[in-house]
2 protein chains.
Amino acid sequence: MKRDEILAAAACVFAQHGFRGSTTRRIADAAGVNEITLFRQFGSKEALIREAMQHMTQSVGLTALPKVPLDPESELTAWSESFMQHLRLRSSIIRKTMSEVEERPEMSESASYVPRQASNELCLYLTALKREGTAGEDFDPKTAAAMLMGSIFADAMGRDMMPDVYPQPQDEAAHMYSRLLLQAIGVENGSRKTTPKNTRRTKQLSP
Amino acid sequence: MKRDEILAAAACVFAQHGFRGSTTRRIADAAGVNEITLFRQFGSKEALIREAMQHMTQSVGLTALPKVPLDPESELTAWSESFMQHLRLRSSIIRKTMSEVEERPEMSESASYVPRQASNELCLYLTALKREGTAGEDFDPKTAAAMLMGSIFADAMGRDMMPDVYPQPQDEAAHMYSRLLLQAIGVENGSRKTTPKNTRRTKQLSP
DNA sequence: CCGGGATGCAAGTAGTCACTTACTTACACA
DNA sequence: TGTGTAAGTAAGTGACTACTTGCATCCCGG
């Protein structure tokens with residue numbers, strides 16, 4: 001069965017051309033399949049693309065954040081990097097989806113799944129920092145989470161078009177955002193400030 | 001001359017349906033004009049929409065940031081609110097543009113004009129804060145600017161779809177982001193509130 | 001060897017798309 | 001009154017769109 005190849009091809013074409021630009025012919029060509037096969041397998045273009053979107057959101061694995069924070073800077077940085085890479089790899093499809101959701105609201109569920117998940121996890125982590133006294137007491141975890149995720153999201157979406165607006169170099173951006181956020185919520189800077197890489201070892205111990 | 005009405009209508013239709021969805025018939029109807037008039041005036045649909053985009057970016061006035069900072073929290077909050085309102089009012093067209101730029105790179109210039117401008121101004125302001133000693137010395141203005149703008153951007157783009165992910169209430173969000181950013185760059189909190197720098201406990205004590 | 005499900009090919013349908021041609025109306029100005 | 005300009009009407013072009021029908025082909029299990 002070529003189902004999965006078709007779904008992958010549909011997602012790919014959609015990422016390049018959006019819904020209206022994803023003609024059945026283009027999808028069929030991309031999948032190396034006859035156009036009629038699409039209709040036999042999925043019934044209509046709309047059903048095909050809907051299924052392709054849902055099929056995408058499975059199989060996404062984000063780096064987990066530990067339940068109990070040990071080394072906030074390295075842990076948060078690792079998470080931010082993973083989140084940023086996830087967004088960057090999918091930037092085309094995210095842009096297209098954000099644009100189409102207004103005309104096709106049924107896409108919003110699969111579109112918002114990953115960011116919701118990420119937001120929840122980040123909130124929990126920041127709350128833990130607060131509870132343990134590692135962070136200050138006068139900040140709102142949800143606002144802080146929205147801020148870090150928003151920075152990463154905007155960077156992943158906008159850097160292609162305006163590289164000069166975002167921090168350089170690109171692969172330290174996630175680290176810089178994370179550090180700034182920790183400053184904002186009153187997390188002491190651990191030891192030395194300018195060693196991003198070496199001291200980042202702990203990933204997670206036990207959930 | 002109905003030129004301006006046509007341009008406005010084109011921008012409106014584009015915001016709703018994107019490029020491919022902006023049929024000349026729809027634009028003509030929205031403008032209350034015969035379809036042929038579009039072609040006589042602008043030559044082609046592509047030229048029409050290009051001109052409509054450029055026509056939009058004129059006539060945007062963002063709240064200015066003072067050259068010399070006096071009251072960072074209120075100044076930055078006012079600016080953030082204005083920026084956020086600007087983005088929110090144009091969220092549809094921004095989403096559509098972000099999505100189309102990949103297929104039509106010539107749109108990127110008019111698309112990136114406003115955020116570039118805003119980024120410059122914010123950077124200057126943050127640099128002034130640093131220079132005057134109001135802020136700390138160990139932060140990068142560009143990163144901080146990207147962070148605040150990114151937070152506001154993501155909020156303006158995402159709140160419709162996932163209201164529970166962003167801080168409540170909506171009309172204080174800009175203020176909350178601004179305050180968090182000022183904390184991040186070490187701007188003292190004017191009045192009372194806990195001091196961010198020295199009085200924090202060192203991380204990690206096991207309870 | 002046979003039957004059935006998945007696939008392909010050829011052809012076609014009804015609709016929409018951007019854009020054109022040829023002609024007409026309304027009005028401003030000299 | 002004549003002329004030019006902006007607008008409208010009517011009709012159509014060829015290309016593309018999603019989707020259908022009918023029939024041939026392939027492969028795989030019993």
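All values below were derived from every heavy atom in this structure, side-chain atoms included, with hydrogens, water molecules and symmetry-related copies excluded. Below, read A as the first sequence line, B as the second, and so on, with proteins coming before strands; counting in each chain starts at 1.
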Asker: CD1 of A:I6 versus C1' of C:dA6: gap in Å, rounded?
Answerer: 11 Å
Asker: For the atom pair CG (B:L129) and CG (B:L76), what is the distance rounded to the nearest 0.5 Å?
Answerer: 7.5 Å
Asker: Looking at A:R104, I'd like to know if its CZ atom is crowded, meaning that more than 12 non-hydrogen atoms belonging to other residues, nucleotides or ligands lie closer than 6.0 Å.
Answerer: yes
Asker: Mark yes or no for a side-chain to base donor-acceptor pair under 3.5 Å between A:R40 and C:dG5, with no hydrogen or angle criteria applied.
Answerer: no
Asker: Is any side-chain N or O of A:N34 closer than 4.0 Å to OP1 or OP2 of C:dC9?
Answerer: yes
Asker: Is A:T37 close enough to C:dT7 that one of its side-chain N or O atoms is under 4.0 Å from OP1 or OP2 there?
Answerer: no
Asker: Using the ring of A:F139 (Phe, Tyr or Trp, six-membered ring only), decide whether A:K130 places NZ or CZ under 6.0 Å from its centre and within 45 degrees of its axis.
Answerer: yes
Asker: Between D:dA18, C:dC19, C:dC17, which nucleotide has the shortest distance from any of its atoms to the side chain of B:E35?
Answerer: C:dC19
Asker: Can you work out whether B:V33 or A:T24 has the more 5'-proximal nearest nucleotide on DNA chain D?
Answerer: B:V33
Asker: For B:I36 and C:dT24, give me the distance from atom CD1 to atom C1', rounded to whole Å.
Answerer: 13 Å
Asker: Rounded to the nearest Å, what distance is computed from the CD atom of residue B:Q41 to the P atom of nucleotide D:dG8?
Answerer: 10 Å
Asker: Whole angstroms only, please: what is the CZ-P distance between A:R50 and D:dA18?
Answerer: 16 Å
Asker: Between A:F42 (CZ) and C:dA6 (P), how many Å, whole number?
Answerer: 13 Å
Asker: Between atom CD1 in B:I27 and atom P in C:dC19, what is the gap in whole Å?
Answerer: 10 Å
Asker: If you only use heavy atoms from C-beta on, which nucleotide in D:dA7, C:dC17, C:dT7 is closest to the side chain of A:K2?
Answerer: C:dT7
Asker: What integer distance in Å separates B:K45:NZ from C:dT20:C1'?
Answerer: 17 Å
Asker: My understanding is that only one of A:V114, A:D155, A:I94 makes a side chain to side chain contact (heavy atoms under 4.5 Å, CB included) with A:L87; could you say which?
Answerer: A:I94
Asker: Can you tell me how far C1' of D:dT9 sits from CZ of B:R25, to the nearest Å?
Answerer: 13 Å
Asker: Count the heavy atoms belonging to other residues, nucleotides or ligands that lie under 6.0 Å from CZ of A:F39, then report whether that count exceeds 12.
Answerer: yes
